[in-house]
Structures are given as structure tokens and as C-alpha cells.
Novice: 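Would you mind keeping the following structure in view while I ask a few things?
All values reported here derive from a predicted model rather than from experimental measurement.
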Amino acid sequence: MEKILTARKRERLIQRHRKERDKRICDRIKAVLAYDDGYSYSEIARILLLDDETIRRHIEDYLQEQKLKPANGGSDSNLTFHEYQVSV
């Protein structure tokens, strides 16, 4: 299997993984690094306890857009400031 990362990109991903607190982003980074090391989608999925299709999507997202952050950021709150203060 062909390497997808340069040495510099690989080092940057490793550094980001060390600093990252979001487990989802860490899993995406580990998936990209493992794929670069020659692991198959199914092997990576088994190691990370994720679905094969999820790993495939993570790798493709990275290759196409350098994407590591999940797209789902939640939604805007429908509560007014007062409603929010009362609920807290």
C-alpha cells in the first residue's frame, strides 16, 4: 500500500494527537496514521472498536479535505437567555 502522508504531515498529526482532547478527533488521527502504516480498513476498525465504513469515511475525508474534526457541531439553542439561566 502506498504511503499517503509525508514525514512532516505525519509528525504534525502525531503532535496534534498528543495535544487533542476530543476523542473523536484522536480516533480519526489514529485511523489516518494506521492506514498510512499499511493497515486495512477492517484492521483499523477492529483496533479502534469502530465500524469499517466509519474508518473508510474518516480516511476519505482526510484524503479529500484534510478533515479531522467531525461535522456535527450541534445546533443553536432555542432558549432565551432567561430560560437558559433558569434551567442551569
Side-chain angles (χ1 to χ4, degrees):
M1 190 179 301
E2 182 180 322
K3 293 279 189 181
I4 61 170
L5 299 172
T6 63
R8 183 179 173 136
K9 283 185 181 181
R10 184 174 184 81
E11 185 57 37
R12 283 185 173 172
L13 283 175
I14 291 169
Q15 288 174 0
R16 181 164 179 191
H17 182 270
R18 288 182 183 140
K19 294 177 183 178
E20 186 61 56
R21 290 185 165 184
D22 187 333
K23 177 187 169 300
R24 298 170 301 170
I25 295 174
C26 287
D27 282 347
R28 286 175 180 255
I29 292 171
K30 287 183 279 200
V32 171
L33 292 170
Y35 185 78
D36 189 56
D37 283 338
Y39 287 91
S40 69
Y41 295 131
S42 60
E43 290 171 324
I44 298 167
R46 189 169 24 94
I47 292 167
L48 296 180
L49 304 174
L50 297 171
D51 181 67
D52 286 14
E53 193 56 38
T54 300
I55 297 300
R56 183 180 314 274
R57 193 174 58 251
H58 289 344
I59 303 294
E60 289 174 4
D61 285 349
Y62 182 78
L63 291 175
Q64 293 172 5
E65 306 170 27
Q66 304 292 300
K67 178 183 170 190
L68 294 171
K69 190 172 184 178
N72 60 345
S75 59
D76 292 331
S77 174
N78 291 326
L79 296 176
T80 66
F81 180 75
H82 176 70
E83 291 170 330
Y84 173 77
Q85 290 296 326
V86 172
S87 68
V88 178

Novice: Please determine which of Ile47, Asp27, Leu50, Val32 meets the side chain to side chain contact (heavy atoms under 4.5 Å, CB included) test together with Ile55.
Specialist: Leu50
Novice: To the nearest 0.5 Å, what is the distance between NZ (Lys3) and NZ (Lys9)?
Specialist: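 Here the interatomic distance stands at 14.0 Å.
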Novice: Would you give the length of the straight line joining atom NZ of Lys19 to atom CZ of Arg21, rounded to the nearest 0.5 angstrom?
Specialist: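 CZ of Arg21 is found 12.5 Å from NZ of Lys19.
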Novice: Measuring from Ile25:CD1 to Leu13:CG, what's the distance to the nearest 0.5 Å?
Specialist: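 If we round to the nearest 0.5 Å, Ile25:CD1 and Leu13:CG are 11.5 Å apart.
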Novice: Ion pair present between Glu53 and Arg56, side-chain N to carboxylate O less than 4.0 angstrom?
Specialist: yes
Novice: Calculate, to the nearest 0.5 Å, the distance between atoms CD and CG belonging to Glu20 and Leu68 respectively.
Specialist: 8.5 Å
Novice: Could you give the distance from CG (Leu5) to CZ (Arg8), rounded to the nearest 0.5 Å?
Specialist: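 Leu5 CG to Arg8 CZ: 13.5 Å, rounded to 0.5 Å.
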Novice: Before you tell me yes or no, could you show the steps for Glu60 and Arg57 under side-chain contact (heavy atoms from CB on, under 4.5 Å), namely the whole-Å CA-CA distance, both residues' side-chain angles and the distance that decides it to 0.1 Å?
Specialist: CA-CA 5 Å; Glu60 289 174 4; Arg57 193 174 58 251; 5.6 Å; no
Novice: Determine, for Asp37 against Arg10, whether the closest basic-nitrogen to carboxylate-oxygen distance falls under 4.0 angstrom.
Specialist: yes
Novice: Between Arg28 and Asp61, does any side-chain N to carboxylate O distance fall below 4.0 Å?
Specialist: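 Looking at Asp61 together with Arg28, the answer is yes, because their closest N to O distance falls below 4.0 Å.
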Novice: Taking all non-hydrogen atoms of both residues, which atom of Ala31 and which atom of Leu48 are closest, and how far apart?
Specialist: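 The pair with the smallest heavy-atom distance is N-CD1, 4.0 Å.
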Novice: Please find the pair of heavy atoms, one from Asp52 and one from Tyr41, that lie closest to each other, and give the distance.
Specialist: OD1-O, 4.2 Å
Novice: Atom OH in Tyr62, atom CG in Leu33: separation rounded to 0.5 Å?
Specialist: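 Interatomic distance, Tyr62 OH to Leu33 CG, rounded to 0.5 Å: 8.5 Å.
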Novice: Just wondering, do Asp22 and Lys69 contact through their side chains at under 4.5 Å, heavy atoms?
Specialist: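 Lys69 does not reach Asp22 side chain to side chain.
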Novice: Do you know the tightest heavy-atom contact between Ile4 and Tyr35?
Specialist: CD1-CD2, 3.6 Å
